[in-house]
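So the structure is just underneath, and the comments pick up after that.
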Number of protein chains: 2
Amino acid sequence: MEAITIKDIAKALNLSTSTVSRALRGSYEINSETKKLVLEYAEKMNYHPNPIALSLKENRSRAIGVIVPEIANNFFSQAINGIEAVAYDRGYHVVIFQSHESYERELSNIQHLVGRKVDGLLISLSGETTDVSHLQEIQRRGVPLVVFDRISNEIEANKVIADNFQGAFEATEHLILSGRKRIAHITSPSLLYTTSQRLEGYKAALEKHGIAFDENLVRYCGFAPEEAQQVIFDVLDKQHPDAIFTASDRLALDSYAAVKAKDIDIPKQVAFIGFTNLQVAHLLDPPLSTVVQPAFEIGKTAAEILLETIENKQTAKAVKTVKIPTEVNLRTSSN
Amino acid sequence: MEAITIKDIAKALNLSTSTVSRALRGSYEINSETKKLVLEYAEKMNYHPNPIALSLKENRSRAIGVIVPEIANNFFSQAINGIEAVAYDRGYHVVIFQSHESYERELSNIQHLVGRKVDGLLISLSGETTDVSHLQEIQRRGVPLVVFDRISNEIEANKVIADNFQGAFEATEHLILSGRKRIAHITSPSLLYTTSQRLEGYKAALEKHGIAFDENLVRYCGFAPEEAQQVIFDVLDKQHPDAIFTASDRLALDSYAAVKAKDIDIPKQVAFIGFTNLQVAHLLDPPLSTVVQPAFEIGKTAAEILLETIENKQTAKAVKTVKIPTEVNLRTSSN
DNA sequence: TTGTATGCGTTATCAG
DNA sequence: CTGATAACGCATACAA
């Protein structure tokens with residue numbers, strides 16, 4: 001039960017393939033009789049043009065690629081939903097890949113997508129990625145590119161990010177205003193752009209309120225599950241913070257687990273705040289205040305810019321950077 | 001800066017395309033000198049074969065497709081990770097699509113994937129899908145298919161699911177053994193296969209312990225966010241359950257929120273249990289006992305079966321159904 | 001209005 | 001050992 005082709009239709013109707021092709025795509029220069037004939041037969045036989053043949057010919061696919069570190073992460077899965085919301089409306093399929101924080105996987109995924117002629121690419125860099133020549137390469141090949149969230153300064157492309165500085169500033173300030181002085185900042189690997197922006201926001205808030213920055217209160221950790229545990233225990237044990245400001249879903253949860261496991265006394269009121277898109281923050285005890293990154297919005301914006309670039313065949317080297325504001329949700333425990 | 005082709009290499013080296021092609025794929029019948037020449041030049045020019053041309057010729061893509069209702073769902077994203085773990089090792093790319101619980105989207109995704117000649121398809125049906133003729137169609141076309149978790153009785157294919165009956169039975173029994181009598185079961189739409197299996201397990205446990213089944217304690221709800229709220233409030237208000245057994249991450253969280261919002265007194269000890277892959281169950285108050293569906297394992301198993309089918313060119317109409325055991329984690333609050 | 005020929009990138013077949 | 005040719009499915013410039 002192989003798929004039917006234009007050639008089959010042509011043979012069955014005693015026409016040439018070109019006539020059939022033209023009839024199918026509704027060319028003017030064609031007899032309405034034969035046109036109807038072809039259309040009906042195609043319908044009856046459930047004909048669909050072979051997208052691969054089309055891509056080979058036209059060098060495009062009506063699909064855009066998305067590469068994220070992990071989909072098992074609220075931020076990224078919501079961002080993807082934002083991307084799909086606009087892409088699907090405009091007739092593009094969204095092909096999703098994960099790099100699993102691996103540079104090698106990121107490379108392999110890009111090769112696959114570009115090889116299959118995606119019309120554009122949205123990417124959030126893996127934690128391992130420092131060299132971005134693979135992205136520059138696809139830009140040279142003319143593939144429209146938008147980098148979101150995990151961006152890099154090395155690459156000149158359109159970028160969409162949350163306003164990490166502002167979010168971190170507000171989060172830290174709220175902790176200060178609630179009376180904290182020793183605010184631990186448990187965050188992502190230091191080479192990530194988002195990490196440095198958040199650190200800046202954290203520092204700025206401290207400075208504004210005359211609190212000296214203490215680098216011992218800042219801890220970076222990678223993506224290995226064991227690592228966070230250790231790092232968090234260490235800062236809790238040695239630095240005795242009175243509040244914790246975390247940089248991701250996972251770090252927030254790991255911090256909770258650590259505090260509970262060690263039965264450490266951190267005053268409850270507004271003591272925890274995290275960059276997180278967790279749906280459960282208000283159900284935790286104490287409730288977790290959040291700096292919500294507008295993931296859906298970020299994805300949507302990134303996709304809009306990408307599609308704009310694709311459809312207007314703009315230069316792939318545009319360098320707009322859009323910052324989407326974050327939203328702080330303060331939650332105080334009722335005890 | 002267009003991608004380089006075999007033809008370019010042939011021209012540059014004054015060879016024929018066929019010679020270049022053979023050299024590239026290491027054919028025996030070839031002069032080792034020219035072979036080296038070609039290989040070096042290809043390397044230098046960063047040649048990569050065009051996958052689209054290959055697919056057109058070979059009717060395959062070295063990629064498998066995955067369609068799930070939502071990736072912003074721990075179960076599905078973990079299942080996808082299981083799929084990727086095996087597929088990537090065997091040299092297949094995994095192309096991920098979401099149906100967003102829409103039959104129409106599911107259809108569109110399948111058409112895209114099959115049209116692009118994925119070598120096989122893994123699917124978890126959308127909540128809207130009752131008619132499965134689109135799946136039968138791709139089976140007729142010879143595309144290997146494995147259905148996981150959201151399966152359907154209508155379709156004859158390899159299937160992989162969690163042992164929902166067993167999990168529900170154990171969960172319910174634990175609630176009974178801790179002294180509950182009025183156990184609300186808040187669950188997914190009734191037409192899902194998993195829903196009916198869980199209901200059977202729930203009933204079986206009640207029966208074993210001589211508790212009459214009360215259909216008023218069972219509530220089904222769809223995927224719209226508002227719906228769950230209403231349904232849960234209703235059963236809480238009217239039926240006064242002393243325990244709640246939910247069927248998904250989201251339903252568990254919504255139930256928590258409802259109970260907290262209404263300040264309803266449900267005795268804490270082992271009162272909540274849910275089919276869920278939430279990472280935070282132990283941090284909730286009271287802690288949420290869980291029936292963990294081995295999502296990663298399910299994905300892995302499904303992918304293994306699919307790749308087996310693909311590589312042995314077995315009949316697509318195999319009808320093995322694999323049940324993966326669930327694991328119950330009881331958590332009692334310390335208060 | 002329709003048919004013929006060509007090309008997209010690759011490999012298999014058949015000659016040389 | 002190497003080269004010419006056809007084929008995968010489609011669209012289009014050119015011929016008729």
Side-chain angles (χ1 to χ4, degrees), chain A residues 1-39 41-42 45-63 111-112 114-119 141-142, chain B residues 1-39 41-42 45-63 111-112 114-119 141-142:
Chain A
M1 193 53 64
E2 282 300 300
I4 187 173
T5 74
I6 274 193
K7 204 183 283 183
D8 299 325
I9 301 182
K11 201 174 298 171
L13 266 44
N14 253 315
L15 291 169
S16 76
T17 58
S18 29
T19 306
V20 174
S21 170
R22 279 186 284 244
L24 253 16
R25 41 185 19 245
S27 177
Y28 291 108
E29 40 179 28
I30 198 130
N31 185 310
S32 61
E33 195 110 340
T34 46
K35 190 167 172 177
K36 208 171 73 181
L37 204 64
V38 170
L39 254 30
Y41 188 77
M45 301 301 284
N46 192 25
Y47 168 81
H48 288 284
N50 179 327
I52 296 193
L54 281 179
S55 287
L56 184 60
K57 190 146 194 38
E58 300 181 354
N59 252 309
R60 56 190 248 119
S61 62
R62 285 224 154 260
Q111 271 163 7
H112 184 93
V114 172
R116 308 208 93 90
K117 305 295 179 198
V118 284
D119 297 350
R141 291 224 219 158
Chain B
M1 191 54 63
E2 282 299 301
I4 187 174
T5 73
I6 274 193
K7 204 183 283 184
D8 300 325
I9 301 182
K11 202 174 295 172
L13 267 43
N14 253 315
L15 291 169
S16 75
T17 58
S18 14
T19 305
V20 174
S21 171
R22 277 186 288 244
L24 253 17
R25 43 186 17 245
S27 176
Y28 291 108
E29 39 178 28
I30 198 137
N31 185 310
S32 60
E33 196 110 339
T34 45
K35 191 167 172 177
K36 207 171 75 182
L37 202 67
V38 170
L39 254 31
Y41 188 77
M45 300 302 284
N46 193 25
Y47 167 80
H48 287 285
N50 180 327
I52 295 194
L54 284 179
S55 286
L56 183 61
K57 194 147 189 45
E58 300 179 356
N59 251 306
R60 55 189 249 121
S61 61
R62 286 225 152 262
Q111 271 163 7
H112 184 92
V114 172
R116 305 205 100 86
K117 305 294 179 199
V118 284
D119 297 350
R141 289 225 219 159

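Here is how names work: the chains are called A, B, and so on, in the same order as the sequence lines, proteins then strands, and each is numbered from 1. Quantities reported herein were computed from a predicted structural model and do not represent experimental measurements.
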Answer yes or no: does a side-chain N or O of [X] lie under 4.0 Å from OP1 or OP2 of [N]?
X       : N      : value
A/Tyr47 : D/dC10 : yes
A/Lys7  : D/dC8  : yes
A/Arg25 : D/dA11 : yes
B/Thr34 : D/dT2  : yes
A/Thr5  : D/dG9  : no
B/Ser16 : D/dA4  : no

What is the distance, rounded to the nearest whole Å, between atom [atom1] of [X] and atom [atom2] of [N]?
X       : N      : atom1 : atom2 : value
A/Glu58 : C/dG9  : CD    : C1'   : 16 Å
B/Ile6  : C/dA12 : CD1   : C1'   : 12 Å
A/Leu54 : D/dT12 : CG    : P     : 10 Å
A/Lys11 : C/dT2  : NZ    : P     : 20 Å
B/Arg60 : D/dC8  : CZ    : C1'   : 15 Å
B/Lys57 : C/dT10 : NZ    : C1'   : 7 Å
B/Asn14 : D/dT2  : CG    : P     : 13 Å
B/Leu15 : D/dG3  : CG    : C1'   : 10 Å

Heavy atoms only: give me the nearest [X]-[Y] pair and the separation to one decimal.
X       : Y       : result
B/Ala10 : B/Ser16 : CB-C, 3.9 Å
B/Lys7  : B/Thr17 : CA-CG2, 4.0 Å
B/Ile9  : B/Ile4  : CG1-CD1, 4.1 Å
A/Leu54 : A/Pro49 : CD1-CB, 4.2 Å

Considering heavy-atom distances to DNA chain C, does B/Pro49 or A/Ser32 have its closest nucleotide positioned more toward the 5' end?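 The residue closer to the strand's 5' end, by nearest nucleotide, is A/Ser32.
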Between B/Arg116 and A/Ser61, is any side-chain donor less than 3.5 angstrom from a side-chain acceptor?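 Side chains of B/Arg116 and A/Ser61: no pair found under 3.5 Å.
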Nucleotide nearest B/Asn31 when distance is taken to its side chain, options D/dC1, C/dT11, D/dC8: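 When the side chain of B/Asn31 is considered, D/dC1 is the closest of D/dC1, C/dT11, D/dC8.
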Where the side chain of B/Arg22 is concerned, which of D/dC10, D/dG9, C/dT13 is the nearest nucleotide?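 Nearest nucleotide to the side chain: C/dT13.
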Of A/Thr19 and B/Asn59, the one whose closest DNA chain D nucleotide lies more 5':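 The 5'-side residue here is B/Asn59.
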Which part of the nucleic acid, if any, lies within reach of A/Ser18 when heavy atoms closer than 4.0 Å are counted: base, sugar-phosphate only, or nothing?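 The residue A/Ser18 makes base contact.
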